[in-house]
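Please read these numbers as outputs of a predicted model, since none were measured by experiment. Convention: sequence-line order gives letters A, B, ...; per-chain numbering from 1.
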Amino acid sequence: MLHAGGLVLPRAFYRRPVTEVAVDLLGQHLCHGDVVLRVTEVEAYGGLEDSASHCRFGRTARNEPMWQAGGVAYVFLCYGVHHPLNIVTGPEEEGAAILIRACEPVAGLEPIRARRGGKLEGPSLLNGPGKVAQALGVDLSFNAHRLYEPGGLELREGPRPGAILRGPRVGVPYAHPDHQLAPLRFAIADCAWVSHRDSLCVTTSAIHR
DNA sequence: AACACGATGGACT
DNA sequence: GTCCATCGTGTTA
């Protein structure tokens with residue numbers, strides 16, 4: 001297996017507050033077969049009283065993986081077409097996860113392009129949650145998959161990013177205004193492989209750790 | 001049992 | 001900028 005990076009991230013990495021993990025997820029490598037993607041943009045969901053989260057109605061059949069202990073995938077059907085990939089965080093019963101919104105290719109550009117339709121190039125290949133999942137070959141069968149176990153879909157250590165941008169989450173107009181505005185989207189600054197760059201601002205390092 | 005709607009993306013004006 | 005495919009989920013009755 002091609003891994004283009006460090007060790008598989010251990011369970012303890014995921015079992016922390018969702019915003020901490022979200023920031024630390026930037027730069028890490030999602031690996032599946034020959035495809036390696038560097039995470040460039042994420043969104044945090046869940047935690048306490050988040051009306052944008054799929055956990056807002058409590059435990060249901062769909063969101064069950066979100067209530068598991070951190071380190072598993074949460075994949076859902078979006079608009080009947082897409083299968084966005086989330087990474088569950090925190091302890092059991094927390095109901096929190098991080099949506100992978102965009103990535104940068106590290107390896108496997110050919111299979112990525114083939115899965116994405118053949119003729120695309122540049123950021124439009126991977127700047128959106130549905131695009132990332134499609135490029136990785138992730139579908140509903142990966143729901144609740146353990147990312148800390150080598151083999152299959154896994155998350156490995158990648159190079160740490162420099163400056164980080166943050167801003168409101170995308171596509172949650174149904175949420176409470178406070179939750180729409182909450183700066184829970186994070187991205188690597190000076191990176192072209194990001195979606196909706198306009199609504200992001202530079203952060204101080206004080207927001208994490 | 002019926003219904004409204006979505007953590008999007010691609011095509012098109 | 002606009003429009004809409006597509007289907008499972010959660011809500012309501």
A:Arg146, CZ: over 12 other non-hydrogen atoms inside 6.0 angstrom: no
Verdict with supporting geometry, A:Arg160 and A:Gln28, side chain to side chain donor-acceptor pair (under 3.5 Å): CA-CA 8 Å; A:Arg160 303 290 75 234; A:Gln28 313 290 14; 3.1 Å; yes
Candidate nucleotides B:dA7, B:dG6, B:dG9, ranked by approach to the side chain of A:His82 - the nearest: B:dG9
Nearest-angstrom distance from the residue atom CG of A:Leu99 to C1' of B:dA7: 5 Å
Phosphate OP1/OP2 of B:dA7: any A:Tyr174 side-chain N/O under 4.0 Å: yes
Integer-rounded Å distance: B:dT8 P and A:His83 NE2: 14 Å
Nearest-nucleotide 5' precedence on DNA chain B, A:Pro173 against A:Asn127: A:Pro173
Electrostatic pair A:Glu154:A:Arg156 at N-O distance under 4.0 angstrom: yes
Toward the 5' end of DNA chain B, by each residue's nearest nucleotide, A:Ser53 or A:Leu120: A:Ser53
Option among A:Leu125, A:Val132, A:Leu136 that satisfies the side-chain contact (heavy atoms from CB on, under 4.5 Å) test with A:Ile112: A:Leu125
Spacing between A:Leu126 atom CG and B:dT8 atom C1', to the nearest angstrom: 15 Å
A:Glu43/A:Arg169 under salt bridge (charged side-chain N to carboxylate O under 4.0 Å, His left out): CA gap, chis, key distance, verdict: CA-CA 6 Å; A:Glu43 278 174 356; A:Arg169 294 173 293 185; 5.8 Å; no
Phosphate OP1/OP2 of B:dG9: any A:Arg116 side-chain N/O under 4.0 Å: no
Sugar-phosphate, base or nothing in reach of A:Pro84, heavy atoms under 4.0 Å: nothing
Interatomic distance where CD belongs to A:Glu41 and P belongs to B:dA7 [whole Å]: 16 Å
Greater than 12 external heavy atoms within 6.0 Å of A:Glu49's CD: no
Sugar-phosphate, base or nothing in reach of A:Leu77, heavy atoms under 4.0 Å: sugar-phosphate
Touch class at under 4.0 angstrom, heavy-atom based, for A:Arg169 against every strand present: nothing
Terminal contacting nucleotides, 5' and 3', DNA chain C versus chain A (heavy atom, 4.0 Å): C:dT6 to C:dT11
Side-chain N or O of A:His54 closer than 4.0 Å to phosphate OP1/OP2 of B:dA7: yes
Sugar-phosphate, base or nothing in reach of A:Phe57, heavy atoms under 4.0 Å: sugar-phosphate
is_close_aromatic(A:His32, A:Phe142), centroid dist under 6.0 Å: yes
More than 12 heavy atoms of other groups within 6.0 Å of A:Asp190 CG: no
Within the 6.0 Å centroid threshold, strictly below: A:His54 and A:Phe76: yes
Watson-Crick or G-U pairs under 3.5 Å in DNA chain B, rendered as dot-bracket with [ ] for crossing pairs and | for another strand: ||||||.|||||.
